[in-house]
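This report concerns only the one structure given below.
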Amino acid sequence: MKTEISKFCEEYLNILNSLPPALKNATAEMEKAGEEALLQKPLATLNDVRARLRTLVDKIESQQAYLLIFGPLKSGKSTLMNAISRSYVSEVTSLPGYPCLVYVRHGEEPHFSATRYNGRETVFANGRILKDVIADSHIALAEQIRISEERNGEFDPRRDFSEAIRRVDVKLPVDSLAESSTVLVDTPGLYSRMNFGYDVLTREFRDSAACAVFVVKTDNLYLEQVFAEFNQLLGLFSRIFLVINVDSSKRDLQPDGTLQPSAESRNPQQIIEAFKTLSMAGPLRQAYESKRLRIHAVDLLSAASVFLAGRNGHVSANGNGNGNGAHADEAGDQKQKEAFDAFLTDLTDYLNSSDYTQEFMRDSLRQGSTLCGEIREISEGEELKHLAEKQAELSEQMNGLREKIAIADRLIAVDWEATFEKARHESAEAIDRSSRETSTALTKEMGEALDRWYGAEDSLQALTEQHWNPLLAKAATSLAEETRSRMRSALGGPLGGSEPAASIMHDLHSIEFDLGQIGQAALPALDVQEARGAYKMVVQEEQVPVKKSFADWMLFRKVATVRRRLFGEQMEQAIAPAMKQKRLTENTRNAFGQMADAAVKEKFPMLPARFSENLATAYVAKFRSTILEQLQRRRNEYSAAYSERQKPYETISSILTSMKELADQSSKAVGEIIVMAQQETGMPLEIAGAESPEGELVVTTPFPDQTAA
């Protein structure tokens with residue numbers, strides 16, 4: 001499986017290799033300037049370019065041909081890797097259930113390492129230790145997923161468990177991988193319980209122009225779920241190989257009781273034809289008809305056995321290694337080898353094809369030219385032009401920052417609660433007036449409600465629950481809404497209801513601090529609802545005068561007994577209007593009136609005033625905490641900016657010198673990329689970072705993102 005990308009990668013690395021040292025030097029010089037505000041943008045961009053350049057160099061250096069292998073659990077992915085490698089690599093790649101990518105490449109000496117989401121890489125002495133670590137990590141990961149899902153509903157290892165293993169790298173002496181410069185990537189099995197972030201793990205390879213192999217057993221070939229996942233891969237890769245893993249040892253029962261090779265064993269091609277006829281539709285069929293999807297039926301276990309045993313189609317003394325003890329004959333071995341060779345030839349032809357090569361080169365050259373263009377933009381940007389003038393401006397800027405820090409300190413020390421004294425006083429007077437007006441009307445309404453109660457067949461309990469308490473609650477609600485509305489109006493102004501002194505206002509304007517925004521942030525404190533329970537009144541049975549009848553006197557009934565007979569055990573007994581007139585006389589009516597008056601006086605204006613004061617207190621507290629938080633943040637910003645401007649003058653010249661060297665290197669690289677693009681891809685000369693005849697920077701995109709149809 002020999003590819004033709006190695007030559008391109010070697011030449012391209014010669015172009016790019018001058019950039020990392022120059023980038024490292026330029027960023028190091030900028031970092032010496034610390035938090036210099038003027039350099040933050042170019043430094044951040046340079047660091048980003050540096051990281052992306054490292055990725056590009058790594059891709060060109062080691063990802064010369066990445067072959068991604070997908071499929072459900074136990075579908076034969078590891079067996080396929082053994083067959084491709086002609087070597088037993090599955091001992092370290094078979095990690096079912098753990099959601100990480102496993103890279104297998106050639107190495108003169110065995111090498112095993114695991115890289116976690118936090119970037120930490122651990123090297124292991126051998127594959128057995130690696131597998132033990134994976135097993136322990138599997139338990140820890142499962143527990144973290146459970147905790148995260150209970151807490152957040154979704155697990156993200158970068159946020160929730162950065163110790164999770166992201167990738168495993170394995171290097172083994174494998175001649176076929178060394179010859180082809182191919183890296184095999186074993187992916188997590190589809191439908192795994194722990195298969196989070198599957199698309200993130202695979203999309204990163206799109207820029208490498210890697211094709212993919214999807215392995216599925218014939219038993220799962222017609223499951224809709226399998227190809228729902230498969231359709232996602234069609235959007236990622238320009239070419240996918242579907243390998244149907246057949247079992248040539250399968251037997252079917254005949255009418256006479258004998259076992260004969262199944263149709264799958266005799267003619268695997270029938271499986272492909274049936275699949276194309278019965279199951280291929282939508283994106284799958286479109287990909288097949290456009291030749292983006294290639295299908296092969298292979299007994300991977302038998303093929304791998306042939307290659308690992310070195311039989312080359314001849315029977316070995318111990319059978320064919322198909323796991324069921326059966327001995328394959330020479331024709332069977334040869335058939336499986338030919339089927340696998342057909343797949344491998346098809347795969348190799350694509351990896352050697354101009355389509356694959358052009359896509360790989362186009363992506364790589366576009367990335368390099370884009371990075372060089374960004375370097376040139378930074379070197380010629382306004383930030384570096386102003387850098388030479390910055391030294392003269394530092395003193396003035398630092399004086400201004402020093403004054404702003406002093407202003408922030410003065411504002412932090414202000415008694416902000418005292419600035420609301422007038423607003424709180426006016427609010428208290430307003431609620432007192434409204435409460436007294438409401439209590440007068442409420443007393444009248446409760447008297448009218450008492451008259452209605454006397455004329456209805458209602459119980460004593462209904463007097464409070466159905467006649468009086470609703471009136472009390474209505475009055476309380478009305479006053480609460482009135483209070484809230486009045487406060488929103490009074491506190492919603494440009495100063496949030498506060499009235500600072502003139503000197504304070506001057507300081508606020510000096511740092512462009514908006515009190516109106518602080519007030520808006522504090523307004524939700526007015527949304528607190530008033531507790532209605534405090535407004536409820538209760539009539540005690542013993543407080544109600546009751547007139548005894550002649551019979552009550554003759555039978556020496558106590559007043560309490562008379563009340564129970566009249567009102568019921570729980571005061572729930574209905575009382576006819578005539579009975580009320582007879583037993584609950586004017587004396588009783590006066591007592592009821594006194595109870596209502598007492599309830600109104602007890603609750604109004606005290607409770608509405610208390611609610612109004614609580615709202616004001618909550619608002620002022622939120623206003624104060626918010627403004628202090630914002631002022632402290634401002635002060636920290638001023639202080640940080642002040643510290644940034646304390647960096648020594650000497651760093652400026654070294655920054656400019658290092659940036660000029662970097663710009664020169666990027667210009668040289670772009671020129672070589674232009675020539676290489678013409679030679680290798682036939683693309684236009686005008687690529688990112690090239691110079692026009694007038695010497696101006698030309699930033700164009702000759703390599704637009706394309707997905708092969």
Side-chain angles (χ1 to χ4, degrees), residues 431-432 434-484 528-612 614-615:
I431 190 61
D432 184 73
S434 295
S435 294
R436 296 187 185 282
E437 293 172 0
T438 298
S439 62
T440 300
L442 181 59
T443 300
K444 181 180 179 182
E445 290 176 354
M446 293 182 74
E448 294 171 351
L450 179 61
D451 292 339
R452 290 193 295 272
W453 179 79
Y454 265 95
E457 194 171 333
D458 289 342
S459 66
L460 180 61
Q461 185 183 65
L463 176 61
T464 54
E465 293 185 357
Q466 299 178 17
H467 292 272
W468 282 350
N469 282 338
L471 293 174
L472 291 168
K474 180 181 177 182
T477 300
S478 177
L479 286 171
E481 291 303 321
E482 178 186 334
T483 297
R484 190 177 287 109
V528 177
Q529 297 299 316
E530 185 177 17
R532 296 290 182 263
Y535 285 91
K536 288 185 177 181
M537 68 173 293
V538 177
V539 173
Q540 301 295 333
E541 180 180 333
E542 59 272 14
Q543 296 176 339
V544 181
V546 178
K547 182 179 180 181
K548 287 185 178 183
S549 67
F550 179 76
D552 292 333
W553 287 106
M554 293 300 295
L555 295 174
F556 300 102
R557 291 184 181 135
K558 295 181 179 179
V559 175
T561 303
V562 174
R563 289 194 183 102
R564 280 196 304 274
R565 288 168 60 85
L566 179 62
F567 299 143
E569 291 294 334
Q570 302 297 327
M571 297 188 297
E572 81 288 356
Q573 185 168 285
I575 309 171
M579 181 61 69
K580 292 177 180 176
Q581 294 296 331
K582 182 177 179 181
R583 292 298 187 95
L584 305 177
T585 60
E586 190 64 26
N587 186 37
T588 307
R589 184 185 290 268
N590 292 335
F592 280 139
Q594 292 173 4
M595 293 179 195
D597 290 343
V600 172
K601 292 177 180 178
E602 176 188 358
K603 304 176 188 304
F604 299 90
M606 182 188 69
L607 294 181
R610 181 189 301 168
F611 176 68
S612 176
N614 289 342
L615 282 186

Closest approach of [X] and [Y], non-hydrogen atoms and distance?
X	Y	value
P577	G455	CG-O, 3.6 Å
S435	L479	OG-CD1, 3.9 Å
M446	A596	CE-CB, 3.8 Å
Y535	L472	O-CD1, 3.2 Å
L460	W453	CA-CZ2, 3.9 Å
T438	A475	CG2-CB, 3.7 Å

Roughly how far, to the nearest 0.5 Å, is [atom2] of [Y] from [atom1] of [X]?
X	Y	atom1	atom2	result
L584	L450	CG	CG	9.5 Å
Q573	Q461	CD	CD	12.0 Å
L463	N469	CG	CG	9.0 Å
F604	D432	CZ	CG	13.0 Å
F567	R583	CZ	CZ	10.0 Å

Do [X] and [Y] make a side-chain contact, defined as non-hydrogen atoms from C-beta onward lying under 4.5 Å apart?
X	Y	result
R610	N614	yes
V539	M571	no
D597	T443	yes
I575	D458	no
F611	L615	yes

Counting N and O atoms only, with roles assigned by atom type, does the side chain of [X] sit under 3.5 Å from a partner on the main chain of [Y], one being a donor and the other an acceptor?
X	Y	answer
K603	A534	yes
S439	R436	yes
R563	V544	yes
E530	T477	no

Looking at [X], I want to see if its [atom1] is surrounded by more than 12 non-hydrogen atoms of other residues, nucleotides or ligands under 6.0 Å.
X	atom1	value
Q570	CD	no
K548	NZ	yes
R565	CZ	no

Problem set entry | CA sep, side-chain torsions, deciding dist, call: E482, R484, salt bridge (Lys or Arg N to Asp or Glu O under 4.0 Å) | CA-CA 6 Å; E482 178 186 334; R484 190 177 287 109; over 6 Å; no
For this session: Check each of Q594, K580, Q581 against R589 using the side chain to side chain contact (heavy atoms under 4.5 Å, CB included) test, and report the only one that passes.
Result: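 Between R589 and the candidates, side chain to side chain contact (heavy atoms under 4.5 Å, CB included) is satisfied uniquely by Q581.
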